[in-house]
Visitor: 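Sharing a structure below in structure tokens format, with a few things to ask.
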Amino acid sequence: MATLGRISEVLLRSSLTNTRRQLSATASHGEQATRTWKILTFVVALPGVAVCMLNMYLKMQQHSQHHETPEFTAYSHLRIRTKRFPWGDGTKSLFHNAEVNALPDGYEGQDE
């Protein structure tokens, strides 16, 4: 029985030593990985987001200069209202935009 205790103690000690080595190696790897991702975030990701935002802003500026509201055509299958909306005056959708969305009888502010 004493030998079994000694053998298990030796095996346990060697496994603990291996575990400590692996954890210390993993800790240094984790620090290196953290540093790499931090650098990538500031050097690649944030400038990439800034370039995308600038591109979108310039395209919207260009689009708004040439944007015209299309002529209203009253198609029978569009803008069907079987009952009033429960908000506002009941004819406008929840996210209504007067410049883009037409009402059943035409765009707002346009006299025929």
Side-chain angles (χ1 to χ4, degrees):
M1 281 302 231
T3 12
L4 184 60
R6 287 186 196 133
I7 292 173
S8 65
E9 186 178 317
V10 169
L11 289 176
L12 183 61
R13 192 176 304 142
S14 66
S15 69
L16 284 176
T17 305
N18 287 339
T19 304
R20 285 186 191 132
R21 285 185 194 146
Q22 289 173 351
L23 288 176
S24 65
T26 306
S28 66
H29 172 71
E31 292 170 2
Q32 182 62 31
T34 302
R35 183 174 175 272
T36 302
W37 281 107
K38 186 182 264 187
I39 290 171
L40 284 174
T41 298
F42 290 115
V43 174
V44 177
L46 294 179
V49 169
V51 167
C52 290
M53 288 175 60
L54 177 65
N55 183 35
M56 184 220 44
Y57 177 76
L58 294 176
K59 285 188 182 281
M60 280 302 297
Q61 291 297 321
Q62 182 183 12
H63 176 73
S64 64
Q65 292 173 356
H66 304 293
H67 178 69
E68 294 179 9
T69 305
E71 183 180 336
F72 178 75
T73 307
Y75 292 111
S76 61
H77 64 282
L78 296 177
R79 292 174 287 280
I80 298 172
R81 307 281 199 265
T82 56
K83 65 180 188 175
R84 298 173 62 82
F85 289 118
W87 51 82
D89 61 358
T91 59
K92 298 174 185 171
S93 64
L94 184 59
F95 300 105
H96 181 76
N97 183 348
E99 297 176 10
V100 181
N101 303 118
L103 296 173
D105 56 344
Y107 289 102
E108 293 180 63
Q110 285 187 350
D111 295 325
E112 294 180 27

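Start at 1 with the first residue, then count along the sequence. All heavy atoms count here, side chains included; hydrogens, waters and symmetry mates do not.
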Visitor: For the residue pair Leu103 and Thr91, what are the closest heavy atoms and their distance?
Guide: CD2-O, 3.7 Å
Visitor: Count the heavy atoms belonging to other residues, nucleotides or ligands that lie under 6.0 Å from CD of Gln62, then report whether that count exceeds 12.
Guide: no
Visitor: Are any of the side-chain heavy atoms of Gln61 and Tyr57 separated by less than 4.5 Å?
Guide: yes
Visitor: Between CG of Leu78 and CD1 of Ile80, what distance do you get to the nearest 0.5 Å?
Guide: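 If we round to the nearest 0.5 Å, Leu78:CG and Ile80:CD1 are 7.5 Å apart.
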Visitor: Could you give the distance from CG (Leu58) to CE (Met56), rounded to the nearest 0.5 Å?
Guide: 9.0 Å
Visitor: Quick one: closest heavy-atom pair of Arg79 and Thr73, and the distance?
Guide: NH2-O, 3.4 Å
Visitor: Within the supplied structure, the quantity of interest is the number of heavy atoms (other residues, nucleotides, ligands) at a distance under 6.0 Å from Gln65 CD; does it exceed 12?
Guide: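 Check passes, neighbour count above 12.
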Visitor: Just say parallel, tilted or perpendicular for the rings of Phe85 and Trp87, cut-offs at 30° and 60°.
Guide: parallel
Visitor: Grouping I, L, V, M, F, W and Y whenever their side-chain heavy atoms are under 4.5 Å apart, do Leu54 and Met60 come out in a common cluster?
Guide: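 Different clusters: Leu54 never reaches Met60 through Ile, Leu, Val, Met, Phe, Trp or Tyr contacts under 4.5 Å.
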Visitor: So which atom in Phe72 and which in Asp105 form the shortest heavy-atom distance, rounded to 0.1 Å?
Guide: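 Minimum heavy-atom separation between Phe72 and Asp105: CE2-C, 3.9 Å.
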Visitor: Any donor and acceptor pair, going by atom type alone, linking the side chain of Asn101 with main-chain N or O of Asn97 inside 3.5 Å?
Guide: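 Checking the backbone N and O of Asn97 against the side chain of Asn101, a donor-acceptor pair under 3.5 Å is found.
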Visitor: First locate atom CG of Leu40, then atom CZ of Arg35, and finally report the distance between them rounded to the nearest 0.5 Å.
Guide: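 Between Leu40 CG and Arg35 CZ, I get 11.0 Å after rounding to 0.5 Å.
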Visitor: Are Ile39 and Val44 grouped together when hydrophobic residues (ILVMFWY) are joined by side-chain heavy atoms under 4.5 angstrom apart?
Guide: yes
